[in-house]
Novice: 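Pasting a structure here, questions to come.
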Amino acid sequence: MTRRPHSRHQSRPAFSNSHASGSRRPFTSHICVSSTGRRRWSKPSSASFRTSSRTNRARRGAPRASLWLNQCEILVPRLIAKVIARFLPIHGRHRIPGRDIPAGTGELYCNFREDDEDSEDTEDLARTPKGIVLIVLSVLSVPGAAPRLIVKSSSVSVTFTGEYSMSVRLRFAPSPTGNVHIGNIRAAIFNWLHARHCGGVFLLRIEDTDLERSTPEAIRTLMEVMDWLGLNFDEAPLYQTSQKLKHIAAAEALLAKGHAYRHAKGGDASGGEAVLFRIPWDAEQVPGVAVAGPAELPVHPDHEIVIDKTGINFAQISGKGTPMPVQKCLAGFKGLEILDTAGAILLRLDDEMAAAVLAGTRRETCKGAAKLRFTRRTITYRDLVKGELTKPLDGLSDFVIVRSDGSPVFHLGNVVDDVTQQITHIVRGDDHVENTYRHLFLFHCLGTTAPQYAHLPMIVNAQGKPYSKRDGDAYVGDFRTKGFLPQALFNYLALLGWSPGDDREKMTRDELVTAFSLDRCKSSAAQMDLRKLTDINGQYLAEMPAAEFVPLAQEWAARQPWGAGLDAALFTKVAGLMQIRTKTFADIAGWGTFFQELPAYDEKACRKAFADKPVQNALAMLTQDLADTPADAFTAAAAEAAIHGCTAACGVQQGKLNQPLRLAVTGTTIGAGIYETIEILGKERTLARLEFAKQFFA
RNA sequence: GUCCCCAUCGUCUAGAGGCCCAGGACACCGGGUUCUCAUCCCGGCGACCGGGGUUCGAAUCCCCGUGGGGACGCCA
């Protein structure tokens with residue numbers, strides 16, 4: 001399949017840092033891969049960054065698969081990794097799920113060759129933006145082992161180990177309490193984009209467990225908004241309340257396996273017991289958990305330390321030196337030794353004692369402790385957006401999964417539903433990062449592997465603060481009522497915290513899907529900018545075919561005070577004139593001047609514009625000329641001729657007359673071409689307005 | 001308070017140690033095209049949070065500050 005011998009490539013040194021081992025000459029091109037300097041890679045055009053039909057043909061015979069790079073363990077220089085990450089998505093649409101690949105056989109993948117002057121099929125090559133040519137040699141699929149992708153770049157041979165892109169499943173899981181927030185819908189968009197990019201599945205889950213605040217009305221609004229933005233989902237929405245039995249069953253299973261326990265936490269008034277999930281004592285079983293080493297924590301001696309099945313309770317020392325009690329999971333304190341002020345060991349928690357404590361048969365207390373000494377363990381996961389994130393277990397506590405009234409808590413429901421819906425990727429706001437550590441344990445104790453996580457940065461308001469209830473424009477529906485197009489909002493929101501890496505901004509939905517990748521998401525908060533949204537909206541509006549624009553504009557016009565029973569032909573003319581000037585549909589409110597008997601006049605501007613005597617004369621003469629024009633010949637051309645006549649006769653430059661004229665007939669200084677405006681207004685209204693305007697003559 | 005995260009023009013961003021005395025877009029300002037307004041074109045203004053370190057070389061890597069944010073519920 002790969003038709004060239006590769007010995008040539010293998011003889012090349014790794015290009016990264018190739019300059020360091022060689023001469024000291026500064027870079028003159030952006031990437032230099034040849035140690036001899038014979039070949040250099042020029043910046044490729046985007047046109048060459050594409051799969052050719054030839055490539056597809058060549059691939060046809062072999063099963064195709066691609067690597068889901070985000071799941072890979074990257075064993076190569078970062079530069080190459082990035083290059084491949086950028087490159088692979090281009091072929092996303094040709095992917096077939098990895099599970100269709102027969103295991104146990106080596107599979108040829110594709111055949112991107114190196115760019116070479118003497119090549120006979122140059123269209124076969126695939127280049128990265130950095131100008132590095134990749135050759136994917138093969139994918140090795142071996143039972144019981146992670147599949148491997150063998151990739152050869154221009155100068156270095158690399159191997160990736162990872163999973164194939166099994167069919168990717170994402171979900172948007174809002175709780176239907178009130179209006180959909182702009183940050184939420186952005187998360188929905190990113191989920192959708194990633195699902196579509198991977199040819200995967202996008203699901204909707206309605207987390208309606210908060211019965212008090214969830215309303216059918218809110219659910220309807222949610223659906224409307226999703227529909228408006230084109231966020232179509234692939235399976236019937238899952239209502240979380242319908243899953244309650246499953247949640248409870250999961251809690252029972254955890255209880256049975258000792259991963260959870262009942263406890264009347266915090267002196268519950270009703271006396272009922274909640275179910276708490278326990279961060280597992282043998283945390284090493286959980287992927288991502290590692291021993292960080294010995295650690296020490298000062299504690300306040302006045303606070304008695306209590307160790308029981310709910311974990312450990314001790315007091316940290318505040319800045320003022322007062323005790324600050326905290327409750328932490330026992331798993332955070334493996335090998336715990338409690339020391340007094342003199343450094344003598346007051347209590348040592350060995351595995352045997354821990355087992356008894358966790359079983360609930362033993363409870364330890366300790367007074368006068370000054371220091372906790374223990375083996376710190378941490379849990380780490382690789383966030384697709386934020387990179388590696390780590391949390392020490394001693395910062396974690398056991399948490400409630402079923403309330404004392406028997407209802408499941410968010411953490412449980414959310415995780416169980418993700419298992420039910422076979423979610424592979426969770427894309428959500430970064431206010432959930434802390435939850436992720438807990439959920440990782442839950443997934444494991446529920447007997448499944450956790451999905452991939454991607455935490456998106458927040459969107460903040462114009463003050464740089466998180467959106468709050470006071471921010472009127474934080475709701476998606478508001479953008480609709482403010483006259484924004486769904487595709488413009490979609491486009492703009494996609495650009496908030498993400499960019500394609502080049503200068504493109506106005507992108508179609510398809511372009512966004514193709515270009516999208518989670519690893520290009522930023523990890524810092526983004527501020528919403530209405531002006532930019534407005535600009536993008538204006539671009540969409542301007543490029544819209546008239547046949548599409550007019551009916552939409554008509555809907556908006558109909559809501560105006562002057563909007564009843566508008567003449568369709570007249571409206572189409574006005575729309576034709578105004579479309580390019582329209583930034584949002586809300587601007588249509590200003591079209592009233594074309595449909596009203598008399599518009600509102602900007603009196604101040606009028607007085608100023610009409611101050612000149614020659615202008616007044618010209619306007620008067622023009623009024624007369626237009627009055628003499630037959631109504632059936634009252635065209636833009638006629639208006640133009642009349643205006644020219646007056647300017648010549650009165651010695652007023654046309655540039656000096658147009659603005660006063662516009663004010664006289666429309667009442668404002670902004671608007672469409674004056675000739676067309678006069679034609680659209682018609683003889684009667686034009687004359688009436690010119691008469692009316694005379695009152696502003698000084 | 002504890003833990004975690006983040007930091008480039010006013011705003012959204014590009015940036016993966018030399019393509020960068022930092023590029024694009026919005027906004028703003030000026031000029032041109034146009035009968036006016038708008039569009040369009042050209043130009044201008046405008047940023048690497050601070051301090052150390054590593055390096056021949058730092059926006060980029062490391063450390064310390066500072067600032068901002070998040071999480072610490074029988075909310076989701």
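Naming: A, B, ... by sequence-line order, numbering from 1 per chain.
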Novice: Compare the minimum distances between each of B/C5, B/C12, B/C74 and the side chain of A/L389, then state the nucleotide with the smallest one.
Specialist: B/C5
Novice: Does a side-chain heavy-atom distance below 4.5 Å link A/V615 with A/P660?
Specialist: yes
Novice: Can a salt bridge be assigned to the pair A/D587 and A/R581 using a cut-off of 4.0 Å between side-chain N and carboxylate O?
Specialist: no
Novice: With a 4.0 Å cut-off, would you call A/K391 and A/E434 a salt bridge?
Specialist: yes
Novice: When you check the phosphate oxygens OP1 and OP2 of B/C6, does a side-chain N or O of A/K522 lie under 4.0 Å from one of them?
Specialist: no
Novice: Tell which nucleotide pairs with B/C26, taking only Watson-Crick or G-U wobble pairs whose two distances are both under 3.5 angstrom.
Specialist: B/G10
Novice: In the structure I gave you, are the side-chain heavy atoms of A/F410 and A/T209 within less than 4.5 Å of one another anywhere?
Specialist: no
Novice: Rounded to whole angstroms, how far apart are NE2 on A/H181 and P on B/A76?
Specialist: 18 Å
Novice: Go ahead and name the base partner of B/U55; Watson-Crick or wobble counts if both distances stay under 3.5 Å, otherwise write none.
Specialist: none
Novice: Tell me which nucleotide among B/A38, B/U13, B/G69 gets nearest to the side chain of A/R581.
Specialist: B/A38
Novice: Regarding A/S524, tell me which of base, sugar-phosphate or nothing describes its non-hydrogen contacts under 4.0 Å with the strands shown.
Specialist: sugar-phosphate
Novice: Just call it for A/G497: base, sugar-phosphate, or nothing, with non-hydrogen atoms closer than 4.0 Å on any strand.
Specialist: sugar-phosphate
Novice: Compare the minimum distances between each of B/A76, B/A38, B/G70 and the side chain of A/H411, then state the nucleotide with the smallest one.
Specialist: B/A76
Novice: Give one of base, sugar-phosphate or nothing for A/D502, where a contact means two heavy atoms less than 4.0 Å apart.
Specialist: nothing
Novice: Cation-pi check, A/K506 to A/Y540: give yes when NZ or CZ is under 6.0 Å from the six-membered ring centre and within 45° of the ring axis, no otherwise.
Specialist: yes
Novice: Spell out protein contact along nucleotides 25-30 of chain B as letters: B when the base is contacted, S when just the sugar-phosphate is, - when no protein heavy atom is under 4.0 Å; keep the 5' to 3' order.
Specialist: BBS---
Novice: Considering every strand and a 4.0 Å limit on heavy-atom distances, what is the contact class for A/P174: base, sugar-phosphate, or nothing?
Specialist: nothing
Novice: Between B/U11, B/U39, B/C3, which nucleotide gets closest to the side-chain atoms of A/Q527?
Specialist: B/U11
Novice: Using atom OH of A/Y239 as one end and atom C1' of B/A76 as the other, report the distance to the nearest whole Å.
Specialist: 18 Å
Novice: Write down the distance between CD (A/Q463) and C1' (B/G69), rounded to a whole number of angstrom.
Specialist: 16 Å
Novice: Rounding to the closest angstrom, what is the interatomic distance between B/U8 and B/A47 at atom C1'?
Specialist: 6 Å
Novice: At under 4.0 Å between heavy atoms, what does A/V433 touch on the DNA or RNA strands: base, sugar-phosphate, or nothing?
Specialist: nothing
Novice: Using the C1' atom as the reference point in each nucleotide, state the distance between B/C45 and B/G52 in Å, no decimals.
Specialist: 33 Å
Novice: A side-chain contact here means heavy atoms from C-beta on lying under 4.5 Å apart; do A/F374 and A/L297 qualify?
Specialist: yes
Novice: List the atom of A/R689, the atom of A/Y601, and the distance in Å for their closest heavy-atom pair.
Specialist: CB-OH, 3.3 Å
Novice: Heavy atoms only, 4.0 Å cut-off, all strands: where does A/H644 land among base, sugar-phosphate and nothing?
Specialist: nothing
Novice: Considering heavy-atom distances to RNA chain B, does A/T582 or A/A525 have its closest nucleotide positioned more toward the 5' end?
Specialist: A/A525
Novice: Using the P atom as the point on both nucleotides, what is the distance between B/C4 and B/C63, in whole Å?
Specialist: 13 Å
Novice: With a 4.0 Å cut-off on heavy atoms, is A/L496 in touch with a base, just the backbone sugar-phosphate, or nothing at all?
Specialist: sugar-phosphate
Novice: Mind checking A/F399 for me? I need base, sugar-phosphate or nothing, with any heavy atom below 4.0 Å counting as a touch.
Specialist: nothing
Novice: Under the 5.5 Å and 30° test, is A/F410 stacked on the base of B/C75?
Specialist: no
Novice: If the C1' atom of B/G67 is compared with that of B/G51, how far apart are they to the nearest Å?
Specialist: 15 Å
Novice: For nucleotides B/C21 and B/C9, find the distance between their C1' atoms and express it as a whole number of Å.
Specialist: 15 Å
Novice: To the nearest Å, give me how far apart NZ (A/K386) and C1' (B/G69) are.
Specialist: 9 Å
Novice: With the side chain of A/A526 defined as its heavy atoms from C-beta on, choose the nearest nucleotide among B/A76, B/C74, B/U13.
Specialist: B/U13
Novice: Taking B/C56 as the reference, what is the distance to B/G15 when you measure between their P atoms (whole Å, please)?
Specialist: 28 Å
Novice: Taking A/R403 first and then A/D405, would you say they form a salt bridge - that is, a charged N and a carboxylate O separated by under 4.0 Å?
Specialist: no
Novice: Using distance alone, with no hydrogens and no angle criterion, decide if A/N313 and A/Q327 have a side-chain donor and acceptor under 3.5 Å apart.
Specialist: yes
Novice: Using the C1' atom as the point on both nucleotides, what is the distance between B/C41 and B/C62, in whole Å?
Specialist: 47 Å
Novice: Could you tell me the Watson-Crick or G-U partner of B/C20, where both distances fall under 3.5 Å? Say none if there is no partner.
Specialist: none
Novice: Counting side-chain heavy atoms from C-beta on, which of B/A38, B/C6, B/A76 comes nearest to A/S523?
Specialist: B/C6
Novice: Take atom P in B/A76 and the same atom in B/C49, then report the distance between them in whole Å.
Specialist: 40 Å
Novice: Applying the Watson-Crick and G-U wobble criteria at under 3.5 Å, what pairs with B/U2? Answer none if nothing qualifies.
Specialist: B/A71
Novice: Which part of the nucleic acid, if any, lies within reach of A/G395 when heavy atoms closer than 4.0 Å are counted: base, sugar-phosphate only, or nothing?
Specialist: nothing
Novice: Ignoring backbone atoms, test whether A/R262 places a side-chain nitrogen or oxygen under 4.0 Å from the OP1 or OP2 oxygen of B/C74.
Specialist: no
Novice: Kindly point out which of B/C74, B/C4, B/A76 is positioned nearest to the side chain of A/V400?
Specialist: B/C74
Novice: Think A/R520 has a side-chain N or O under 4.0 angstrom from the OP1 or OP2 of B/G15?
Specialist: yes
